[in-house]
2 protein chains.
Amino acid sequence: MPCHDSPDLEKLDLITVLRALADPIRLDIVQRLYGLGEANCAALIGSRPKSSMSHHFQVLRESGILHTRIEGVQHHNSLRLQELEARFPGLMASILGNIEAGQLRRQTSS
Amino acid sequence: MPCHDSPDLEKLDLITVLRALADPIRLDIVQRLYGLGEANCAALIGSRPKSSMSHHFQVLRESGILHTRIEGVQHHNSLRLQELEARFPGLMASILGNIEAGQLRRQTSS
DNA sequence: TCCATAGTTCGACAACGATCGAACCATAGA
DNA sequence: TCTATGGTTCGATCGTTGTCGAACTATGGA
């Protein structure tokens with residue numbers, strides 16, 4: 001099962017994780033991925049250039065937030081929720097919880 | 001009781017907060033402030049130039065993370081933990097929890 | 001009134017990060 | 001073997017952010 005290397009649990013750095021999350025596009029990717037469970041890049045891109053998105057996926061991978069499983073041509077991405085919870089307890093829950101609240105706000109205010 | 005303006009609770013933005021936290025110096029300020037409760041700038045600066053630190057305090061204030069109460073010449077800073085908890089439940093707890101774990105690691109690995 | 005203290009503002013510079021086109025690579029299918 | 005697909009890599013550009021000295025402001029004390 002080929003895949004991109006993901007950093008070890010103990011090497012995850014809080015600053016790096018926060019920086020990775022502190023970008024609207026990447027936070028959006030994380031949000032969608034949480035809803036989808038697993039998705040290839042195309043499903044998360046929208047209309048942006050591939051090179052831009054590849055950059056954001058790289059940042060998310062290197063920070064340890066997501067894992068990429070390569071299957072043929074497709075790259076299947078998923079959040080490393082369990083590892084993140086073990087390393088930074090409560091962090092992703094608070095981020096994703098707020099995302100859910102944000103979605104709710106947007107839905108009900110239209 | 002003069003003070004710097006702090007943004008309203010509902011105006012706090014997750015991206016902005018994450019960006020403010022995703023800097024080593026600012027995360028360190030937040031860490032110390034959590035331990036101290038309230039402190040003036042001098043107690044949090046270390047040996048860095050005042051203008052640099054003033055910048056970081058500004059970022060933390062504008063993101064809504066800290067509140068500055070002005071008393072005479074001194075500026076007393078404190079984390080807005082209650083507001084942050086109300087707006088982004090669990091976020092600061094996870095950040096500060098990890099900081100505590102980080103301190104522990106540093107202390108025991110020396 | 002003069003000076004020290006505590007912090008802000010300004011301006012310049014450097015470093016970093018986001019963006020995106022173009023070229024590239026690997027796999028799958030015809 | 002040829003081509004399409006799904007992503008990566010490279011390199012350039014550009015806006016943002018961190019850094020820091022110098023000047024400035026405001027308060028309090030002598």
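Lettering follows sequence order; numbering is per chain, from 1.
Mapping A/Ser51 and A/Val73 onto DNA chain C by nearest heavy atom places A/Ser51 closer to the 5' end of the strand.
Residue contacts for A/His55: at a heavy-atom cut-off of 4.0 Å it reaches a base atom on one of the strands shown.
Separating the CD1 atom of A/Ile29 from the P atom of C/dA18 is a distance of 11 Å, rounded to the nearest angstrom. The distance between atom CD of A/Glu62 and atom P of C/dC16, rounded to the nearest whole Å, is 15 Å. Atom CG in B/Leu27 sits about 13 Å away from atom P in D/dG18, given to the nearest Å. Look at NE2 on A/His75: it is 7 Å from C1' on D/dG6, rounded to the nearest Å. Between B/Gln74 atom CD and D/dT27 atom C1' there is a gap of 11 Å when expressed in whole angstrom units. Remark: P of D/dT17 and CZ of B/Phe57 are 19 Å apart, rounded to the nearest angstrom. Rounded to an integer number of Å, the gap from CG of B/Leu60 to C1' of C/dT8 is 16 Å. Between B/Gln58 atom CD and C/dC10 atom C1' there is a gap of 12 Å when expressed in whole angstrom units.
By the 6.0 Å contact criterion, CD on A/Gln82 is open, its count of non-hydrogen atoms from other residues, nucleotides or ligands being 12 or less.
Distances from the side chain of B/Lys50 to the nucleotides D/dT8, D/dG7, C/dG7 place C/dG7 closest.
Taking side-chain N and O atoms only, B/Ser52 has a distance below 4.0 Å to OP1 or OP2 of D/dC20. Listed pair A/Arg19 / C/dC16 fails the phosphate criterion, with no side-chain N or O lying under 4.0 Å from OP1 or OP2. Under 4.0 angstrom from either OP1 or OP2 of C/dG17 there lies no side-chain N or O belonging to A/His56. Contact annotation: A/Arg26 side-chain N/O to C/dG17 OP1/OP2 distance is not under 4.0 Å.
When side chains are defined from C-beta on, B/Arg87 does not count as touching B/Val17, because their heavy atoms never get closer than 4.5 Å.
Here B/Phe88 contributes atom CZ and B/Leu14 contributes atom CG; the two are 5.0 Å apart, rounded to the nearest 0.5 Å. For the atom pair CZ of A/Arg26 and CE of A/Met53, the computed distance is 10.0 Å after rounding to the nearest 0.5 Å.
Residues forming a side-chain contact (heavy atoms from CB on, under 4.5 Å) with B/Glu62 (at least two apart in sequence, or on another chain): B/Gln58.
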